[in-house]
Structure formats: C-alpha cells, structure tokens
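Letters A, B, ... are given to chains in the order of the sequence lines, protein chains preceding strands, and every chain is numbered from 1.
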Amino acid sequence: MDDPFEIDEFAASPEMRLGDAPAPAYLDNLNAEQRDAVETLDGPLLVLAGAGTGKTRVLTTRLAHLLETKAQTERLHPQQILAVTFTNRAAKEMQERVAHALGRPVEGWWLGTFHSLSARLLRRHAELIGLQSNFTILDSDDQVRLLKQIMDAEQIDPKKWPAKQLMGIIQRWKDKGLTPERVNESVEFANGGAKHLYRIYQERLKVLNACDFGDLLLHCLTLFQQHPEVLRQYQSTFRYILVDEYQDTNVAQYLWLRAMAMVHRNICCVGDDDQAIYSWRGAEVGNILRFESDFPGAKVVRLEQNYRSTPHILAAASKLITFNDGRLGKQLWTEIDTGEKVFVKGVWDGEAEARLVGEDIEALQSRGIGASQMAILVRAGFQTREFEERLITLGIPYRVVGGPRFYERQEIRDALAYIRLVAQPDDSLAFERIVNVPKRGVGKATLQTLHQYSRDQAISLPSAARDLIDTEELKPKMRQAIGGLLGDFKRWREMLAGSSHVEVIETVLDESGYTDMWRTSKEIDAPGRLENLKELVSAIGEFENLTSFLEHVSLVMENEQNDAQEKVTIMTLHAAKGLEFDYVFLPGWEEGVFPHQRAMDESGVKGLEEERRLAYVGITRARKRATILYAANRRIYNQWQSALPSRFVDELPDEHIERISDTGLGGHGGNHSPGAWGSDDWMKMPSWANEGSSNRNPVSGASERKFASSGWQDRVRKNVIDVKPDGETSYSTNSKSSKYKVGDAVRHRKFGPGTVRAVDGNKLEIHFEGVGTKKVVDSFILPG
DNA sequence: TTTGGTGACACAAAG
DNA sequence: TGTCACCAAA
C-alpha cells in the first residue's frame, strides 16, 4: 500500500478544503510573498525561524496545503511527500497536527526520522548492497561488543584502544558519509589502525546480516551511488520534501536529502542556527548556511515573531545568545507585554536546589496549575536523580523523558535476543547474548571454542554450536546445556508455524527460564522488569511479523506510560528541543556542569558556544516563567565540590532577571555570620559579579588564547574561568581581595575545619583535614 | 572453568 | 554511582 511505485488513482475528499479555514495567526507576520512561499511555493525554501516562532506550524501548514489543495489541483498523492523529523515524537506530533488541520487522518506519506525512513527504504533494496531484507539493527551496545571481539581477534590491547573510543571514531565517519573505502581514500584521516578496524567491522556486520544506526543512512548513500536507477525512482517519486530542524543534519543526512531533492527541488527546510546543539554527533550548521548555494533560486523566509514566551524570557534568551559569534542573527519580538522576569536563584547545594524546585512546584499546584505544564530541564542525565527523590518525597507525580530507552533495558535486550534467534537462526550476536542467560554454565572458555570454530569455518555462532555438540570438542556438560538450548529453539521455530507469534514468544520466555530468572531475582527492580517484558510481549501482537516488530522496537518504541495523569516532566535540555512548557526550571547552572567541562576541554570556544545555544534552547522552552538555579556545592562521585555559578548567569541582562535569595537556606543550619554566605549579599549578586574595576590584565595566557576569537575577553569580565588542557578548572578573580590570609583557620559547611594555604583575590586554597586541598571562593567560608 | 566478589576508575548530549 | 577487569573460591 505504501509503495511509492504503485501509486493508485487518487482523488482528494471534496468536503474538506484548507482554503476555507481562517488564515493561521502565526503566519500574520509574513508579507504576502513570504506567505505564498510558505504555503504554496514550488522550489527550494528555507525557513529561518527563531525559537517559539512556530516553525513546526509552518511545516504543518505547508503539508496540509499539499495534502489538500495540491492533491486536487495537481493530483499529488500523499506517497509523493517525504517529511523528515529528528525524533519519532516529532513525527507523531506532525501526523496529529496535520490530521487536526485537515479534520481527517492522513496516511501513506513518508513521515519519520532519517533512520526510520532509511530503514524502510533499505529493506526494499537490501540485496543490492549485500544484505538480506530482514537485517537486524544493532544498538550501540552490540556495536561495542562486536568491536571488542574484533580487537580481540586482531590482538589489539584494549587498554590502549578502548572499544568505545573506536566506536566513536567510526560513528563520526559514518556521520560524514564515509564508508571504509572513502575513509581510505581521504588523506585527512591518518589513523591507519582505526581505518583497518573499521573495514573489518563493516565486513563482520555484513556477515552477520546487521546494520548499525549509522549504516542505515550510509547504506542508502551507497545504494544511491551504485544503483542510480533506484535513486532515480525515489527522486521522481518524492515531489515534495519537508525537513524539520535542518540545522541539526549531519553530512550523511545532507547528502541523503540532496540526492532525494535533486529532481523536483521542492525541498522546504526549517531551522534555527541558534538552536544547533548536535554538532557532537556530526551535525553541520554549515548545511543551513549553505542552503542558498546548494539550491540556487532558493527563497529564504525569516520568522521573528515569537508567540511563546513573555518579553522578559525572550529578552534574557536573546541577550544570552548574542555572546556567540558568527550567528545569522535575528531579532525576536513578541506582542505579549506582561509577565514575570526570569528568576535566578542561588542555593547551597543540590539538595537545596531540588527542595526549592519542589516548593515552587507545590506553590504552582496550589494555584491550580497542572503539573504537565511544568518541566525540569537538566544538562546531563545524572542530575535527574535528586529531583526524582524530592518529587517522590513530596508525592508529586513526574516522568523522566529520555532515560534509558526501552530497548536499551537489559531485560528487553535479552528478550529481543531470544526473539531474534527464533526469527533468524543464524543471529550470532543474539546467540552470544542469551546462551548463558539465564545461567546455563556456559562461560568464557566454551564461548571461545565456539568463536574459534565459527571463524575457522566461516559460519555463524549458532551453526558452530550445532556442529560442535556432535563432536568431542566440548565438555559433556556444555554439550548438554547448549544442545538443550538449540533443541528448544528448534521446537519454538516449529511452533511458529502453528501459533500466533505472541503465543510463541510467551512460550519462549517461559520455557527458556528467562521470566523465572527475574521472578526469583532479589533485585529491587525485578518486578518492573517483568512489567516491561509483559509490555514487550503485548506489543508484538500489533505487528505482522517479527522483523517489523524488531525494527519498531529498536528504532521507534518509546517507554511512555500513557496514563493521562498530570505529571511534571524531567528531561535533558537536548530532549526538550521543540517542546514548550508554561513553567520551566533550569537547575545546575554551574561552571563545569553547564557549560559542561568536557565541552570546553574538547572543543574550546566551539564547545562553549554550543553550550550557550543549549542554554538558549532551555530558556526559550518557557512560556510564562523560567527559573534558573545554581548550587554553590555539589556532590559528584561521592565527593563534594564547590562550584561557581555558570558564566551564562552573568550573561543574562539584569533588567530582565530577578535574583532571589533562597529563604530555605536559613533553615539549612544555623550559623549566620555577616559577610559570609548566610547574608543575603552573595545570593543577590555574587561578590565577584559586582561591577569590577579592571579586567584588563590577569587573564591567564591559556584562556586568553582560547577565547581570543570569541570576543570573550572584550566583555567586562569579573570572573574568568580558565580552561586548562589538563581538564582542571580554576578561576581567577581580580575585582576583590579576600579578608582571609594564609594560615587562617576557617570552616566550610561540608568540608569542615581547614587552614588557608593560599589566597588569590577572593579565591582561597584551603587544606581541609581528611578531605584534602580545595579551592573555594571566600564567600563560602566561615571564620574558624 | 565458571562464578561472584573486589577495587579502581570514569562519570554528556541521542537515533 | 555504575562498570569493568581481575582474582579467589567452588
């Protein structure tokens, strides 16, 4: 039905016409020409749109127009439309929006992520590039495992070359659209060892009839290149192409799109260079900058009216992002004229931070505001824990988005391995995964024997096992264990002929002892795992065959609890892109956490600017209120570390923010001493953030070099974070001197008593008994 | 040979 | 806090 080469005669239903609907208000700030471009233009179109300007709505409008008007006037069939989003969530949302706009569900168009669309396309032509159409899609876990095996066979010291690191290199190559052959040709990549392993890895994947995520796109490119006739089919089929979040496309995706768009050139991309936050996975902002030269005659439409946020929120975000260089630049404005300023709150530690957020949420709830309108957006996954604990204590329902994916859970991966092995008897990776789960006494040595044999005979691991159980090669105990398992699988496969696949899978999980393994497990989360297994099994029924089910699980499936209960959302900033909430909490704005230390260490100014864009994304998620928090102390890896507020806090415009002293701080433990942290003073405005006198000199050489090109040092800096090559962060402050001197006995709330070892401005180096030497700003120190 | 315990070590973001 | 490599015990 969804085959683009079998397009049925199509007539749009006459009762619904887009033209009858009132003009969408969000397109009002376009002039007639621009509006025409968005709605009807044929030819390349780039919509450069700031945060909250209704990018997605533009896409929806265009889609609705295509599906309604063009369907009639030009006999455009839905199957001739290709719409690409970055997440499955966005795809789903798009589907719903369009259905809503048209008043009827629309199906049959190619809507999805690059990965899911590529997988769909690839299954049709797998044989052309040496795969079978039921190839498995490996996740990163499998990839690393495979690489470890390869490195083992190649006798490479895993300490010198961690498999994960190699995986990263390969992934980046794939992001750039580089096959092993192309990597070899390019002089740019000098790393011979990695090239060699990449080649072997790709060969192994082919033997295993498997793809990794990157392959889905890469194989499409290879397919297009080697079989132009296939490409031509798709090129002529897709008359309209729409792409969301264009700023986050990587080179492979760019090539993929360009190939597809080559014939009709009706490509419409929507993006915002200020929201480019995926360069670490190969995204090229250059793609959006180059659009006009890639597609001559392209129209560019800018959307600058923001419909989402209050003016204060908008102004704070806009000001922050101006600290980046090389932007396309845009001036966002809004008609909204009321609203709170952005709150900036300093707290003592992570616990206080979570408590404060909890209190705010309770206060909002008591005003009758639903929890689903509130979100806590964190920089990194580990930050969610403290908030979860707090919200559990308070009994506030919440959900964590983008935690471990459903299919990445251990029990799901195990179950999937069983399913894979039933569907594909020669799946070596699946066999390896479950041969000893639950425990069957099959260990490393036995597996080693099997591997050896499978390599020598060039057959799959399960085949090797089948051969070896009839020989003397294995111990009788092993023979029995493995033989039993193989027999089981044979039986299950036969069962598939007579019963539904749901029944079969239930039987498999039961008879293999896998569910029993969790039932008897003492682990706390064992019941939850059993729940997940049940969910997995019930999902199988919705699919025609096991292959399509497996693909759905590894590419699409989300573990959303779909109860309608109002819940506070906790998620990472990356996951929050494209979403909006009335009330947004942005905790952890501390140097080293956000901006993340590694971003600065590894990518210098580029990394810092990406972090800043992330901050921009965070603030602009808020409709009514944004609350930024930073903690003076944070426990990381069981170690207390004092932290400085993020430089992004400094970069916010004073007139649009409200710094708030944490009243909960007093309750944290008595001793207020004037001038120390107990006073309002440092809360309102950290001492080093006051108007400093000079900032001309003592920026360290390293940081001066690093930030020279960013305009960083041109601004009035009071606090300079020194990004050192060894990854240690230090800071130097020159606007204030400390009231403490070397040798003073002092006390720190968490570290306890200590002695001042060195003084640098208001920065103290203190030796704490039993803790070690720490660098601390003096406002966090009490006199001993 | 497998297993389970131990200590060292690193600890981002996602499809 | 979780993972991984290594070692002692079964």
Side-chain angles (χ1 to χ4, degrees), chain A residues 84-91 112-119 137-141 143-145 148 157-159 162-165 168 171 174-175 211-217 245 248-250 252-253 276-283 377-386 401-408 410 435-436 438-449 474-475 477-478 481 551-558 571-578 588 592-603 607 610-611 613-615 617-618 634-639 641 727:
Chain A
V84 192
T85 58
F86 262 79
T87 60
N88 292 297
R89 194 203 65 222
T113 60
F114 279 106
H115 290 97
S116 64
L117 292 167
S118 296
I137 299 167
L138 301 187
D139 56 45
S140 47
D141 228 66
Q143 296 170 41
V144 172
R145 223 147 44 91
K148 274 190 184 151
D157 184 5
K159 275 188 188 139
K164 271 189 186 154
Q165 192 184 326
Q171 268 171 13
K174 291 189 175 181
D175 287 338
C211 277
D212 64 25
F213 278 103
D215 281 338
L216 293 173
L217 277 142
E245 309 283 13
D248 285 327
T249 48
N250 61 33
Q253 291 162 336
I277 53 174
Y278 281 101
S279 72
W280 50 272
R281 68 174 204 209
L377 308 181
V378 297
R379 172 64 181 86
F382 74 85
Q383 291 173 270
T384 61
R385 220 197 71 244
E386 246 159 343
V401 176
R405 312 224 150 279
F406 188 71
Y407 69 86
E408 276 170 10
Q410 188 191 339
V435 69
N436 201 29
K439 300 254 181 313
R440 296 185 179 91
V442 181
K444 226 163 53 189
T446 313
L447 217 49
Q448 192 71 39
T449 318
L474 295 172
K475 296 254 161 66
K477 218 170 106 192
M478 297 297 126
E551 180 168 317
H552 177 260
V553 173
S554 58
L555 286 179
V556 181
M557 190 143 172
E558 291 167 46
M571 64 174 137
T572 64
L573 287 161
H574 282 90
K577 193 170 67 160
V593 177
F594 189 36
H596 199 280
Q597 192 60 49
R598 257 169 80 168
M600 297 186 288
D601 290 349
E602 287 167 19
S603 316
E610 181 149 317
E611 294 289 299
R613 287 194 291 271
L614 202 49
V617 168
R634 202 169 279 281
R635 195 169 57 177
I636 303 176
Y637 323 132
N638 247 356
Q639 263 213 321
Q641 295 190 345

*Asks:* Under a 4.0 Å N-O cut-off, is there an ion pair linking A/K174 with A/D215?
*Replies:* yes
*Asks:* Check whether any side-chain heavy atom of A/T249 lies under 4.5 Å from a side-chain heavy atom of A/F86, and answer yes or no.
*Replies:* yes
*Asks:* In terms of the nearest nucleotide of DNA chain B, which residue is placed more toward the 5' end: A/T572 or A/V442?
*Replies:* A/V442
*Asks:* Give the nucleotide from the list B/dC11, B/dT2, B/dT3 with an atom nearest to the side chain of A/R598.
*Replies:* B/dC11
*Asks:* For residues A/K148 and A/A163, report the shortest heavy-atom separation together with the two atoms involved.
*Replies:* CG-CB, 3.6 Å
*Asks:* Under 4.0 Å, counting only non-hydrogen atoms across every strand here, what does A/F86 touch: a base, just sugar-phosphate, or nothing?
*Replies:* sugar-phosphate
*Asks:* Please report the distance, rounded to the nearest Å, between CZ in A/R613 and C1' in B/dA12.
*Replies:* 16 Å
*Asks:* In whole angstrom, what separates A/R281's CZ from B/dA12's P?
*Replies:* 17 Å
*Asks:* Provide, to the nearest angstrom, the distance between the CD atom belonging to A/Q165 and the P atom belonging to B/dA10.
*Replies:* 13 Å
*Asks:* Restricting to non-hydrogen atoms, name the atom on A/F213 and the atom on A/S554 that form the minimum distance, rounded to 0.1 Å.
*Replies:* CZ-O, 3.7 Å
*Asks:* Planes under 30° and centres closer than 5.5 Å, is that true for A/H596 with the base of B/dA12?
*Replies:* yes
*Asks:* Give the minimum heavy-atom separation between A/V435 and A/L447, together with the two atoms involved.
*Replies:* CG1-CD1, 4.1 Å
*Asks:* How does DNA chain B look in dot-bracket form if you count Watson-Crick and G-U pairs under 3.5 Å, write [ ] for pairs that cross, and put | where a base pairs with another strand?
*Replies:* ||||||||||.....
*Asks:* Reckon A/T87 touches a base, only the sugar-phosphate, or nothing at all at heavy-atom distances under 4.0 Å?
*Replies:* sugar-phosphate
*Asks:* Looking only at the side chain of A/Q171 (C-beta and beyond, no hydrogens), which of the listed nucleotides B/dA14, C/dA5, B/dA12 gets closest?
*Replies:* B/dA14
*Asks:* Search all heavy atoms of A/T384 against all heavy atoms of A/V378 and return the closest pair with its distance.
*Replies:* CG2-CG2, 4.0 Å
*Asks:* For A/L377 and A/G618, which heavy atoms make the closest approach, and how far apart are they?
*Replies:* CD1-O, 4.2 Å
*Asks:* Considering every strand and a 4.0 Å limit on heavy-atom distances, what is the contact class for A/N88: base, sugar-phosphate, or nothing?
*Replies:* nothing
*Asks:* Compare the minimum distances between each of C/dC4, B/dG4, C/dT1 and the side chain of A/K439, then state the nucleotide with the smallest one.
*Replies:* B/dG4
*Asks:* Atom CD1 of A/I277 to atom C1' of B/dA13: distance rounded to whole Å?
*Replies:* 8 Å
*Asks:* Verify the contact: side-chain N or O of A/T446 to OP1 or OP2 of B/dT1, cut-off strictly under 4.0 Å; return yes or no.
*Replies:* no
*Asks:* Closest to the A/H574 side chain: B/dA14, C/dA5, C/dT1?
*Replies:* B/dA14
*Asks:* Classify the nucleic acid contact of A/Y278 as base, sugar-phosphate or nothing, counting any heavy atom under 4.0 Å across all strands shown.
*Replies:* sugar-phosphate
*Asks:* Here's a test of your reading of the structure: between A/G441 and A/W280, which maps to the more 5' nucleotide of DNA chain B?
*Replies:* A/G441
*Asks:* May I have the distance from A/R440 (atom CZ) to B/dT2 (atom P), rounded to whole angstrom?
*Replies:* 15 Å
*Asks:* Name the closest nucleotide to the A/A599 side chain, picking from B/dA12, C/dC4, C/dT1.
*Replies:* B/dA12
*Asks:* Which part of the nucleic acid, if any, lies within contact of A/S140, taking any heavy atom under 4.0 Å across all strands shown: a base, the sugar-phosphate backbone alone, or nothing?
*Replies:* nothing
*Asks:* Taking the six-membered ring for Trp, are A/W280 and A/H596 closer than 6.0 Å centroid to centroid?
*Replies:* no
*Asks:* Looking for any heavy atom pair under 4.0 Å, which part of the strands does A/Q253 touch: base, sugar-phosphate only, or nothing?
*Replies:* nothing
*Asks:* How close or far is atom C1' of B/dA14 from atom CZ of A/R379, stated in whole angstroms?
*Replies:* 12 Å
*Asks:* Expressed in angstrom and rounded to an integer, what is the separation of A/L138 atom CG from B/dA14 atom P?
*Replies:* 21 Å
*Asks:* Separation of A/L217 atom CG from B/dA14 atom P, in whole Å?
*Replies:* 19 Å
